[in-house]
Amino acid sequence: MSKAYDRVEWSFLEALMKGMGFAPRWVQLIMECVTTVSYSFMLNGNPVGYVIPQRGLRQGDPLSPYLFLLCAEAFSSLILQAERCGFLHGVKLCRGAPSVSHLFFADDSFLFLRANRQDCQHLSNIFHKYEMVSGQKINLEKSSVSFSNNMHCTDQDNLAAILGVRRVDQHDVYLGLPTHVGRSRRQCFNSLKERIWKKVQGWKAKLLSFAGKEILLKVVAQAVPIYMMNCFLIPKCLCDEIQQVMARYWWSEQDGHRKIHWLRWSKLCLPKQEGGLGFRNLYAFNMALLAKQLWRLIQTPTSLVARVMKARYFKNCSILEAQLGHSSSYIWQSLCKARVIIEQGTRWRIGNGNSVRIWGDRWLPSSESFQISSAQAQGFEEAKVSFLIDPITMQWREDLLQAWFSAEEVRCIRNIPLSFRDPPDALIWHFERGGQYTVRTGHEVARRVLLQQDEDDTTTNGGPIVAFDHVWKKIWKVRVPPKVRIFIWRALLNILPTKDNLGHRGISELGGCVFCGADETVVHVLLQCPMAIASWSLFPAWAHFNTDSTEEFKMWFHGFAADHPTHELEKVMVCMWMLWFERNQMIWTGRHRSSTEVVSGAMYCLQEFQELHPPPKNHISRAKAKWLRPPTGAIKINVSGMFHVESSFGGVGLVVRNYTGAFLACKLVVLRGVSNPMHAKLVALREGLIYAAKWSNLDCHIEGDSQGALHSVQQGQADLSHLGCLIEDCKTLLAKQERVYLRFTERKANGVATRLAHYALHSQEAAEWVTDPPVFLQDVLFSDVM
């Protein structure tokens, strides 16, 4: 479209909204927003002129894109109407695929039709009609048409003349992505490397600390290829070259000057809690992005792209079982390579068990492979999981579990919740609580898949990086300047450019410590040098440092971080950074300060940073919660669930009281298999909803002490989590009872139900009391009504 926003006729927009069924008041408000615009022009810094337009949408207004999409919907309707009447014919990718006549993205459009005079002439008429009504103008100079190779060039030119656009052999790009990927994948995607290289060359590495370079690389450089990686798998060799560009910038290698790369980039890509810096492994991230597209195809099989893909590549099977096929597109090839991520990270959530095999399928929630490892039962090799479920009680058949599986597998299967609704089995993403795929966790799975091919990536100088994972977490959480955190990270990995380390790298004749002349190692500079000892003596905790026998800095720091509070760790980290700073100043400028000045400077730096970055405010203390009576004529059901980690047992308690606080009934339920506290809370909520059916003629207020459980039940979207069947059970029960209301209450105001749940943990079977409460509840019931 030419000047797409500026040409929209206001009368057309108003008539369009009315025709689409928008309320008259809504249309009036929108048109007031659109038609009250006026413009002036800046001339030499002063506004001059006053223009009142008669058409067009304001560019930059957040409402304008949505209004323009409504206009494009009119264009789409004209094409669909012509297709229904047989005047236009879309393209079918293969037999059985849906017909595609157009693809729109704002004003950048793709149209598909038969290469004959009738279709071209009718499409030209649609262009003219849309231009006359909407005010839009097709930009014929920027538009082009391409044809099948089976058509003669003369016929192609004639049809292009009817449409009034130029003919091209093929369209190069659409929405910034190549429309055709040839044999040379590297040449096709090489522009990504050039774009990142140009950005990196514009950043002055000498003016930034490692912390600043980390932010630039993560936020800018690693974000450049994301758009293209959503559709195509970038060649691994090109990803490696892009990472080399970023590695050179990270280690300050610019203008052709080589610098030492103290650590492999693959180790920098490890998560921070594993000793890395959390940079993305581009190839793994690429696979994670493609896996998200694959997940969308699985979850939305009725979408246009899913229907086209299915008709072309997996007509008689699932997308996870499909073969690469003959003459497949590069997009499909990319999705097939990323399929390993979905296979590694998904498992079946058991509903009725009819579609999941006991042996061979992935359905155990707490197993490395998600599969049964016990030997197959003879004669039941292809048995489904439904065979393990009692169809009457909808509970696991304990006799089969004990006979067929190991003790650990029995415990794991018992903890899988079952639904009374007999729902179908669902494929879920195991590594997200909600069961939906995310690129963040997909990247972790892809990274592990790649690391399995190169086990050496898990180690670094001096042994495994992951050995101090709790220390890494502590380092990245303390309130010190980011450059201090990265300095300590480098010291722990022994990649500081000390003279000892430089000597190991082949740089000799550097001498010793600038302060005392001894061998300069990380331990020496930060702990054992006379300058360091004089500085640490100013700390009250100096007597506990024990630096004399220290051989490895990371071992000393590990012990110190474990034995000292966070505020002392912050001071020590900043002081170490200041010691290293003074060492560098002594080498390059000859400046020498006393230990007192070093420590005072470190404390001033820390204080200044913490004043600018205060800790998060603590939650305001609440008044003591108390049980409140329901409204007059209503009842209240309080529910609570408990979980015992070691035994995987759970307990549910519920109590019913009326608006005067009088006891009506209570119940406890014993749960033999519970996976986590939320499992017990959801079962408790489900029991409360079932119990509420006894008082269907009254308003019933159900209170629970788990905000997470209540929120998951009250949200509208479907839940794919491990506990999703329980959530859907609660939603189903809630929809059937119009006079039931769910509320959250503090645990202190839920004392009766909590005590019942505790009692259930030590009981052998369920129990129920009506009219008269049990003795062990009387004191709590009495305190609630006082």
Side-chain angles (χ1 to χ4, degrees), residues 1-79 102-111 127 129-144 171-177 179 191-192 195-196 198-199 202-203 215-216 218-231 289 439:
M1 297 294 178
S2 177
K3 303 292 183 182
Y5 276 33
D6 298 335
R7 290 179 176 272
V8 175
E9 293 287 351
W10 291 344
S11 57
F12 167 73
L13 179 62
E14 184 176 10
L16 181 65
M17 289 191 290
K18 290 179 179 178
M20 296 181 73
F22 287 95
R25 177 58 178 161
W26 170 261
V27 176
Q28 180 186 354
L29 291 173
I30 294 297
M31 294 310 299
E32 287 181 4
C33 293
V34 172
T35 58
T36 54
V37 63
S38 61
Y39 299 101
S40 296
F41 303 94
M42 296 297 293
L43 183 63
N44 296 329
N46 299 315
V48 296
Y50 188 70
V51 178
I52 300 177
Q54 299 299 311
R55 65 178 182 178
L57 301 174
R58 281 178 274 191
Q59 295 192 42
D61 190 297
L63 187 62
S64 296
Y66 298 99
L67 298 179
F68 184 79
L69 288 179
L70 294 181
C71 299
E73 186 64 25
F75 188 26
S76 176
S77 298
L78 288 174
I79 296 174
H102 60 284
L103 298 173
F104 286 174
F105 187 87
D107 62 335
D108 202 354
S109 309
F110 244 127
L111 303 176
F127 288 161
K129 182 184 298 185
Y130 180 66
E131 289 176 346
M132 292 292 294
V133 175
S134 68
Q136 297 283 299
K137 181 71 175 177
I138 307 295
N139 192 330
L140 299 179
E141 294 182 357
K142 291 185 178 180
S143 302
S144 59
H171 302 280
D172 294 330
V173 294
Y174 178 63
L175 303 178
L177 297 176
T179 58
S191 59
L192 286 177
R195 289 171 58 192
I196 294 174
K198 289 179 181 178
K199 285 186 178 293
W203 301 335
I215 292 174
L216 275 177
K218 287 182 177 179
V219 176
V220 182
Q222 293 197 332
V224 169
I226 288 179
Y227 178 59
M228 193 169 289
M229 284 180 171
N230 271 290
C231 297
L289 289 170
V439 176

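Side chains are part of it too, since the values below use all heavy atoms of this structure and drop only hydrogens, waters and symmetry mates.
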| field | Exceeds 12 heavy-atom contacts within 6.0 angstrom, atom CE of Met132 | value | no
| message | Could you measure the distance from the CD1 atom of Ile52 to the OG1 atom of Thr36? Nearest 0.5 Å is fine. | response | 10.5 Å
| task | Would you give the length of the straight line joining atom NE2 of His171 to atom OG of Ser143, rounded to the nearest 0.5 angstrom? | result | 9.5 Å
| request: Enter the distance from Leu57:CG to Arg7:CZ here, rounded to the nearest 0.5 Å. | output: 13.5 Å
| query | Is any side-chain heavy atom of Trp203 less than 4.5 Å from a side-chain heavy atom of Val220? | reply | yes
| query | Can you find a pair of side-chain heavy atoms, one from Val34 and one from Asp61, that are under 4.5 Å apart? | reply | no
| task | Report yes if the side chains of Phe127 and Leu111 come closer than 4.5 Å at any heavy-atom pair, otherwise no. | result | yes
| Closest non-hydrogen atom pair between Lys218 and Gln222, with its separation | O-CB, 3.9 Å
| request: Could you tell me the separation between the CD1 atom of Ile196 and the NZ atom of Lys198, rounded to the nearest 0.5 Å? | output: 12.5 Å
| field | Where Phe104 and Ile79 come nearest, the two heavy atoms and their spacing | value | CZ-CD1, 3.9 Å
| What are the two closest non-hydrogen atoms of Pro53 and Tyr39, and how far apart are they? | CG-CE1, 3.5 Å
| Just how far is it from atom OG of Ser144 to atom CG of Asp172, taken to the nearest 0.5 Å? | 8.5 Å
| said: Take a 6.0 Å sphere around NZ of Lys199 and say whether it holds more than 12 heavy atoms from other residues, nucleotides or ligands. | reply: no
| query | Nearest 0.5 Å, what's the CD1-CG distance between Ile226 and Leu192? | reply | 11.5 Å
| query | Around atom CD of Glu32, are there more than 12 heavy atoms of other residues, nucleotides or ligands at under 6.0 Å? | reply | yes
Kindly list each side-chain donor-acceptor pair under 3.5 angstrom involving residues 64-78, sequence neighbours excluded, with atom names and distances?
unit_1, atom_1, unit_2, atom_2, d
Ser64, OG, Arg58, O, 2.5
Ser76, OG, His102, NE2, 2.8
Ser77, OG, Glu73, O, 2.9

| said: Donor-acceptor pair, distance only, cut-off 3.5 Å: does the side chain of Ser40 make one with the backbone of Gly49? | reply: yes
| field | Heavy-atom donor-acceptor pair, Gln136 side chain to Tyr130 backbone, under 3.5 Å | value | no
| note | With sequence neighbours left out, the residues meeting salt bridge (charged side-chain N to carboxylate O under 4.0 Å, His left out) with Arg55 are Glu9
